[in-house]
Structures are given as C-alpha cells and as structure tokens.
Amino acid sequence: MGIELTIGTYRYEHTEALFDGRVKIDGVDATLETEPLVSDLFRHMIEGRYDIAELGLTYFLRTFDLDDAPFMALPVFPNRNFRHSAIFVNTEAGIEKPQDLAGKTLGEFALFGHDAGVWPKGILSDEYGVTVDQCRWVIGGTDHPIPAFDWLPQPVPDGVHVRHADDGQTLGAMLESGEIDALISVDVPQAMLRGSTKIVRLFPDYENVERDYYRRTGIFPPMHIVAVRKDLVHRSEDLRSVYRAFVEAKDLAERTYIEDAAKQHMSLVTPWFSSLFEHNRSLLGENWWPYGLRANRKAVDTFLRYHHEQGLSKRLLTSRDIFIPEFLDT
C-alpha cells in the first residue's frame, strides 16, 4: 500500500480518467475528490482539506506572502482560457476601445485580481496602456451575491480604489443598469445571455483577437495549477506518479478528439466541430494543452509579472520560487 493522498481537482474531460479509474497513480493510495464550485476546491486546499489540489494561480501565489508559504506547484495546468472575451461593457458608458476604460468604474468577479482578471488587466496594461490605478473597482458576484473571500490574503496596491458590492448586489445587474461601466468576469452575465442590449463585450470579435494574441505571443493563458503541501515536496517518486497520471489523463482526452476526427466527430452534438478542431490544431499545434514547465514558461513568467505589477505579490516571483525543483526540467 502506497502513501495515502487526498487529491482535489475539478472534474474536467481531461481529469475524468483519474476519477473513473482508467488512469491509476502508481504507488499512491489516492482519494480523488471534486466539488460543485472550483473555488470551493481552492478554499478547502488553503484550509487544509487536501494534500494536493487544483488551485487558481492567484490563490496559490498570494500564499507566498505569508510568513511560511504552505505550497509548491506541479507544472500541471488543468484550466486555461483566452481572456479578451472576459471583459464586458455597458453600451451607454462611452467605451468603444480599450483605452476608454481609463477613469471608469469596473466590476471584478470574486476578488481584486481573480485569475480571469489578472490576465486581461495585464494585457490592457501591456498593449493599451490602461493600468489598474486608472480605474475604480467593485468586487462581487456576477449573477449571485457572494461574500468577500476572507480565507486568503486580499492585497490592494496603494492608489487603487476597491470596494465590495453592497449586500444583495450583483455585478451583472450593476453593469446592465450602468452603476458600473464595465466588468471583468470569468462568468458571462446572465443578462447578456438573455439578450440584453445594455451589455456587450469590449472585443466583439474576441475569437479573432485572441487568435491574433496567440500568434504574436505564443501564450494560451493558464488559470490554475496543481498545488502540493510543502511537507510532501520531498516525496519525489510519489509526486512524479501524480504528475504522470495527470498527463496521461489529459493525453487520453486529447487522443479521443484526434481519433474521432476520422469519423468527423460524430460522437459530439456540435455541428462543424471537425472544422473548428482542425482550425485550432493548425494554430495551437499537436500539443495544444501542454503540461510541463518548458512549454508553459513564457505564460507562467508573464502571469508572475502581471501579478507583481498589479500589487498582488510583494516581490516578483520566478518559476524556481513556485515549482517543485524536480519538475523544473519537465
């Protein structure tokens, strides 16, 4: 019987094989758990429920400003997404281009600097000259009120005005009414999905914008990593087994799409998916969802810089600071 580890991760198609037993973690007596909300995984990892768990990058990085940072990371990136599409604006706010966000009041989901916020704010600064101190910020839930996430550090840089939405308020409703001018959110506002004419994306043609971003930068933005309790870092063989299992489960999911291409993905309910699949592979390559540090170093270093520039890390962290040393060569 191997070491007993409780591992928490969201049930994605690329982690499903860990849950259903197709992929085993050699030498480890693993208990796999998931939760209804991925943020619950984050909270319970920080509160000590898991030995190893998926953590949002910012949730993970904020712990490095504690007196004794409790985690190190495996270079496993179970959640990633392009985020130009995460910026929504009120149609009457006078926002036609990214530079128009300066001086405006923006909502942000969950906390100042959530993972899907760090990326677009960094891009707005790098490519359009709009920095976080040029805006006012309101934090809350997009379509459901949520309390402040008081279970992790909540740094706010000097000169930046941040407040939490009032009790009962939602950022989606505030955006539709014009109480805030724009919103950065992992969730699409329900009012927009219902067809509201008051909310549009800042980048209406976001797919082409995001594809161009990838062509220019090579970055497919990672949102989450897999964190390990620091007292387990010395168990190199066990952690390599965990890493290999995550890679194998992801590879199985990718292989399904590749093999289904021969049948024009008839197993899926999405028409013309094969065309999209080929379009994506021509841009992203054969390893379109990479694990390991080599393929992700530029993206990780960029996120670390953004995190520091936005006042969320006291110092500029490096990959050597956050990843388990034995995995720096992956």
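Being a predicted model, the structure only gives us computed values, none of them experimental. The first residue of the sequence shown is numbered 1, and numbering continues consecutively from there.
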Sub-3.5 Å donor-acceptor pair from the side chain of [X] to the main-chain atoms of [Y], do we have one?
X	Y	value
His84	Tyr206	no
Asp133	Gly159	no
Asp29	Gly2	no
Thr15	Tyr10	yes
Ser125	Gly122	no
His14	Pro78	yes
Lys104	Ala93	yes
Thr34	Thr9	yes

Is [Y] close to [X] at the side-chain level, that is, under 4.5 Å between some pair of heavy atoms?
X	Y	result
Asp51	Ile3	no
Leu283	Tyr214	yes
Arg22	Glu16	yes
Ile219	Lys298	yes
His307	Leu304	no
Asp26	Glu237	no
Ile139	Val162	yes
Leu111	Tyr59	yes

Legend entry - Face-on cation placement of Lys121 at Phe112 ring, 6.0 Å and 45° thresholds: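 Yes, cation above the ring, under 6.0 Å and within 45°.
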Just verifying a value: how many Å separate [X] [atom1] and [Y] [atom2], rounded to the nearest 0.5 Å?
X	Y	atom1	atom2	answer
Ile123	Tyr128	CD1	OH	8.5 Å
Ile322	Met72	CD1	CE	8.0 Å
Asn90	Thr105	CG	OG1	11.5 Å
Thr330	Arg297	OG1	CZ	9.0 Å
Glu47	Asp40	CD	CG	10.0 Å
Leu239	Ile324	CG	CD1	5.0 Å

Legend entry - Verify same cluster id: Leu101, Val200 (apolar side-chain graph, 4.5 Å): yes
Inset, instruction - State yes or no: do Ile225 and Leu316 share one hydrophobic cluster built from I, L, V, M, F, W and Y residues joined by side-chain heavy-atom distances below 4.5 Å, directly or via other members? - result: no
Of all residues at least two apart in sequence or in a different chain, which pass the salt bridge (charged side-chain N to carboxylate O under 4.0 Å, His left out) check with [X]?
X	result
Arg235	Asp238
Asp231	Arg229
Glu210	none
Lys97	Asp100

Inset, instruction - Can you tell me which residue pairs pass the ring pair (Phe, Tyr, Trp, His ring centres under 6.0 Å) test with a partner in residues 311-330, sequence neighbours excluded? - result: Tyr243-Phe327
Inset, instruction - Could you walk me through whether Glu33 and Arg49 pass the salt bridge (charged side-chain N to carboxylate O under 4.0 Å, His left out) test, one step at a time? - result: CA-CA 10 Å; Glu33 294 186 8; Arg49 175 169 173 171; 3.0 Å; yes
Legend entry - Apart from Met192 itself, residues in the same hydrophobic cluster as defined by side-chain heavy atoms under 4.5 Å: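 Via sub-4.5 Å side-chain contacts, Met192 links to Phe88, Val138, Leu171, Met174, Leu175, Ile180, Leu183, Val188, Leu193, Ile199.
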Legend entry - Apart from Leu66 itself, residues in the same hydrophobic cluster as defined by side-chain heavy atoms under 4.5 Å: none
Over all atoms of both residues, closest heavy-atom pair of [X] and [Y]:
X	Y	result
Ala227	Phe71	CB-CB, 4.2 Å
Val89	Ala182	CG1-CB, 3.9 Å
Ala102	Val130	N-CG1, 4.2 Å
Leu124	Pro98	CD2-CB, 3.8 Å

Legend entry - side chain to side chain contact (heavy atoms under 4.5 Å, CB included) evaluation trace for Thr31 with Glu4: CA-CA 8 Å; Thr31 299; Glu4 294 183 1; over 6 Å; no
Just distance, no hydrogens or angles: give the donor-acceptor pairs under 3.5 Å from side chains in residues 266-276, sequence neighbours left out.
{"residue": "Ser267", "atom": "OG", "partner": "Asp260", "partner atom": "OD2", "Å": "3.0"}
{"residue": "Ser274", "atom": "OG", "partner": "Gln264", "partner atom": "O", "Å": "3.4"}
{"residue": "Ser274", "atom": "OG", "partner": "His265", "partner atom": "ND1", "Å": "2.6"}

Legend entry - Contacts of type side chain to side chain donor-acceptor pair (under 3.5 Å), residue Gln99, not counting sequence neighbours: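 Side chain to side chain donor-acceptor pair (under 3.5 Å) list for Gln99, sorted by chain: empty.
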Legend entry - Note: Arg281-Glu278 ion pair, threshold 4.0 Å (strictly below):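 Result for this pair is yes, salt bridge flagged.
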Inset, instruction - Enumerate the residue pairs fulfilling salt bridge (charged side-chain N to carboxylate O under 4.0 Å, His left out) with a member in residues 175-186, sequence neighbours excluded, ordered by first and then second residue. - result: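 Residue pairs with at least one partner in residues 175-186: there are none.
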Inset, instruction - Mark yes when over 12 heavy atoms from residues, nucleotides or ligands other than Lys24 sit less than 6.0 Å from its NZ; otherwise mark no. - result: no
Inset, instruction - Take atom CZ of Arg320 as the centre, draw a 6.0 Å sphere, and report whether it contains more than 12 heavy atoms from other residues, nucleotides or ligands. - result: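 Counting neighbours around CZ of Arg320, 12 or fewer heavy atoms of other residues, nucleotides or ligands fall under 6.0 Å, so no.
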Inset, instruction - Take Arg244 and Glu248 through the test salt bridge (charged side-chain N to carboxylate O under 4.0 Å, His left out) and record every step on the way to the result. - result: CA-CA 6 Å; Arg244 285 193 296 266; Glu248 185 179 347; over 6 Å; no
Legend entry - Candidate pair Thr58 and His114, rule side-chain hydrogen bond (donor to acceptor under 3.5 Å, both in side chains), full reasoning: CA-CA 7 Å; Thr58 185; His114 76 308; over 6 Å; no
Inset, instruction - Return each pair, listed once, that meets side chain to side chain donor-acceptor pair (under 3.5 Å) where at least one residue sits in residues 139-167; pairs must be two or more places apart or across chains. - result: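 Only Thr142-Ser185 qualify under side chain to side chain donor-acceptor pair (under 3.5 Å).
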Legend entry - side chain to side chain donor-acceptor pair (under 3.5 Å) contacts touching residues 69-83 (sequence neighbours left out): Tyr12-Asn79, Arg80-Asn296
How are the rings of [X] and [Y] set relative to one another: parallel (under 30°), tilted (30 to 60°) or perpendicular (over 60°)?
X	Y	answer
Phe82	Tyr213	perpendicular
His224	Phe42	perpendicular
Tyr306	Trp119	perpendicular

Legend entry - Ring center gap for Phe277 and Trp288 short of 6.0 angstrom: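 Yes: the rings meet the under 6.0 Å criterion.
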